[in-house]
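The figures that follow rest on heavy atoms only: side chains count, while hydrogens, waters and symmetry mates do not. Chain identifiers are assigned alphabetically (A, B, ...) following the order of the sequence lines, protein sequences preceding nucleic acid strands; residue numbering begins at 1 within each chain. Nothing here was measured: the structure is a model prediction, and the numbers come from that model.
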Number of protein chains: 2
Amino acid sequence: MNPSDGLEHLSIIEPLCAVFRRKLKQVGLKYTPERAQILDAIIRRDGESSGVFQADELLAAMRSAGFRVSKATIYRTIKLLADSGIIQQVLFDAESAHYQLAYGKSASALLVNVDTREIIPIELPELVSLRDRICKARGLAAEGHRVVIYARVGNQMVK
Amino acid sequence: MNPSDGLEHLSIIEPLCAVFRRKLKQVGLKYTPERAQILDAIIRRDGESSGVFQADELLAAMRSAGFRVSKATIYRTIKLLADSGIIQQVLFDAESAHYQLAYGKSASALLVNVDTREIIPIELPELVSLRDRICKARGLAAEGHRVVIYARVGNQMVK
DNA sequence: CTTGGTGCAAACATTTTGCAGCACA
DNA sequence: TGTGCTGCAAAATGTTTGCACCAAG
């Protein structure tokens, strides 16, 4: 597949759809067109920008792409996807809930440029061992973590 | 001062009040009894439990302690205290905003026991250098960070 | 066909705001 | 004594839910 054909996301749509479908069946729920379209829209968004989205953003994006889904279905589906482990909530501000695709990035962190409001997902592999060590010291097992780092454009010379 | 006389918090009330008073004066605002009582209640809460609080919890605590403050004033004062750097928002769940006193703990993290819902503030000094290094690599200057670690009681043997 | 799903609108929970009277500086 | 502050209640968000009709399995 050509990496510049705008269809990179197709490489993950199929497996994620299958995962979602299986998870739904496990609990006796149905795989509907709306649910498929919402997951597809989330995957498409993941390609652009930071991949972090909010319910109303997603709704607006889908509407302007010609889909007619309701707010209620967006919220209900987001909850199902989070329960399935396909997306995860990221704690990034307190105004409203933010989510991102969770495939393989359960340990990632977000770097927020407070000047430009740009959100940059970063990897902090060192944090996992640090986290596990701290939990173990208290007889706990780490389940996950959330990290947000706030930064601004430094005026100091960068060597 | 006797550390078991229940008045440990007095050691920080005075300086924090002074800071708040000064910050208010700087922008032409007034230091009112309500604002003083709210800051006092926050400092008192910091002594108990984890020091993390929500607006409605604080309101309830103050009401049952005999103060008569309104919801609106609580919210308005929390915002002022956050702007003054005296308290800071912690991102811990998306349901509602959580805050804690900020004196000297701008780099701390929270460990949440998801079984008991207990919130344990912890120190992660290693994270500061990690954070600064990552920001500098992108020409940014770290302003702060938020870390929440979720853990549960481990069933595995802890050596 | 049966059980669950959707859209809509109303309900909710949290936070913000407009306004009339009150109080600090 | 004026500008800012308070309480109240209404408005504004963001999210959830009840219900009637529709559709997947």
Side-chain angles (χ1 to χ4, degrees), chain A residues 17-18 20-42 52-63 65-84 87-99, chain B residues 17-18 20-42 52-63 65-84 87-99:
Chain A
C17 286
F20 192 27
R21 203 160 192 159
R22 179 157 27 86
K23 293 271 184 179
L24 288 172
K25 186 167 282 179
Q26 271 176 22
V27 284
L29 300 180
K30 292 167 182 171
Y31 185 71
T32 65
E34 287 84 357
R35 290 178 182 170
Q37 287 159 11
I38 291 169
L39 176 52
D40 188 76
I42 291 171
V52 176
F53 66 92
Q54 299 162 80
D56 59 340
E57 273 179 21
L58 186 62
L59 179 61
M62 292 187 67
R63 290 239 167 114
F67 295 102
R68 220 158 312 133
V69 257
S70 71
K71 204 171 49 173
T73 298
I74 292 273
Y75 278 106
R76 287 188 277 230
T77 303
I78 283 177
K79 189 159 285 179
L80 287 173
L81 287 165
D83 290 346
S84 305
I87 63 174
Q88 65 189 174
Q89 208 178 13
V90 294
L91 298 174
F92 141 67
D93 80 9
E95 309 290 296
S96 72
H98 291 69
Y99 299 86
Chain B
C17 287
F20 193 27
R21 203 161 192 157
R22 180 157 27 86
K23 294 272 183 177
L24 288 173
K25 185 165 284 181
Q26 269 174 23
V27 283
L29 300 180
K30 292 170 183 171
Y31 184 70
T32 65
E34 288 85 357
R35 291 177 180 170
Q37 286 158 12
I38 290 169
L39 176 53
D40 188 78
I42 291 172
V52 176
F53 67 90
Q54 297 161 82
D56 60 340
E57 274 179 21
L58 185 63
L59 179 62
M62 290 187 69
R63 290 238 166 115
F67 295 102
R68 220 158 312 134
V69 255
S70 72
K71 207 171 46 172
T73 298
I74 291 273
Y75 279 106
R76 286 188 276 232
T77 304
I78 283 177
K79 189 159 287 180
L80 287 173
L81 287 166
D83 289 347
S84 305
I87 64 175
Q88 66 189 173
Q89 208 178 15
V90 295
L91 298 174
F92 142 66
D93 80 10
E95 309 290 297
S96 71
H98 292 69
Y99 298 85

Report task. Examine C:dG7: is either OP1 or OP2 under 4.0 Å from a nitrogen or oxygen in the side chain of A:Arg68? Give yes or no. Result -> no
Requested in this report: Could you check which of C:dA9, D:dG4, D:dG7 has an atom nearest any side-chain atom of B:Lys30?
Outcome: D:dG4
Query - hbond_proxy B:Lys71 side chain to C:dT14 base (donor-acceptor, 3.5 Å cutoff) - result: no
Query - Side-chain N or O of B:Ser70 closer than 4.0 Å to phosphate OP1/OP2 of D:dC8 - result: no
Query raised in the report: OP1, OP2 of C:dT16 versus side-chain N and O of B:Tyr75: anything below 4.0 Å?
Result: no
Query raised in the report: Nearest nucleotide by nearest heavy atom, which residue falls closer to the 5' end of DNA chain C, A:Thr77 or B:Ala97?
Result: A:Thr77
Report summary line: From NZ of A:Lys79 across to P of D:dT17 the rounded distance in Å is 6 Å
Query raised in the report: Can you check the A:Arg63 CZ to C:dT6 C1' distance for me, whole Å?
Result: 13 Å
Requested in this report: List the steps, then state whether side-chain hydrogen bond (donor to acceptor under 3.5 Å, both in side chains) holds for A:Glu34 with A:Thr73.
Outcome: CA-CA 8 Å; A:Glu34 287 84 357; A:Thr73 298; over 6 Å; no
Query raised in the report: Which part of the nucleic acid, if any, lies within contact of A:Lys25, taking any heavy atom under 4.0 Å across all strands shown: a base, the sugar-phosphate backbone alone, or nothing?
Result: nothing
Report task. On DNA chain D, check which nucleotide each of B:Thr73 and B:Gly28 is closest to and give me the residue with the more 5' one. Result -> B:Gly28
Requested in this report: Using atom CZ of A:Phe20 as one end and atom C1' of C:dG5 as the other, report the distance to the nearest whole Å.
Outcome: 12 Å
Query raised in the report: Which heavy atom in B:Ile74 sits nearest to a heavy atom in B:Ala55, and how many Å separate them?
Result: CG2-O, 3.8 Å
Requested in this report: Return the value, rounded to whole Å, for the distance between atom OH of A:Tyr31 and atom P of D:dA23.
Outcome: 18 Å
Query raised in the report: Is any N or O donor-acceptor pair between the side chain of B:Arg76 and the base of D:dG7 shorter than 3.5 Å?
Result: yes
Query raised in the report: Could you give the CD1-to-C1' distance, from B:Ile74 to D:dC5, as a whole number of Å?
Result: 14 Å
Query raised in the report: Over how many whole Å does the gap from A:Gln37 atom CD to C:dG5 atom P extend?
Result: 16 Å
Query raised in the report: Atom CE of B:Met62 and atom CG of B:Asp40: how far apart are they, to the nearest 0.5 Å?
Result: 8.0 Å
Query raised in the report: CD of B:Glu34 versus P of C:dC24: gap in Å, rounded?
Result: 8 Å
Query raised in the report: Taking the side chain as C-beta and beyond, is there a heavy-atom pair between B:Leu81 and B:Tyr99 under 4.5 Å?
Result: no
Requested in this report: Using atom CZ of A:Arg35 as one end and atom P of D:dA23 as the other, report the distance to the nearest whole Å.
Outcome: 15 Å
Query raised in the report: So, for B:Leu58 and B:Ala41, which heavy atoms are closest and what is the spacing to 0.1 Å?
Result: CD1-CB, 4.0 Å
Query raised in the report: Taking only N and O in the side chain of B:Thr32, is any of them less than 4.0 Å away from OP1 or OP2 of C:dA23?
Result: no
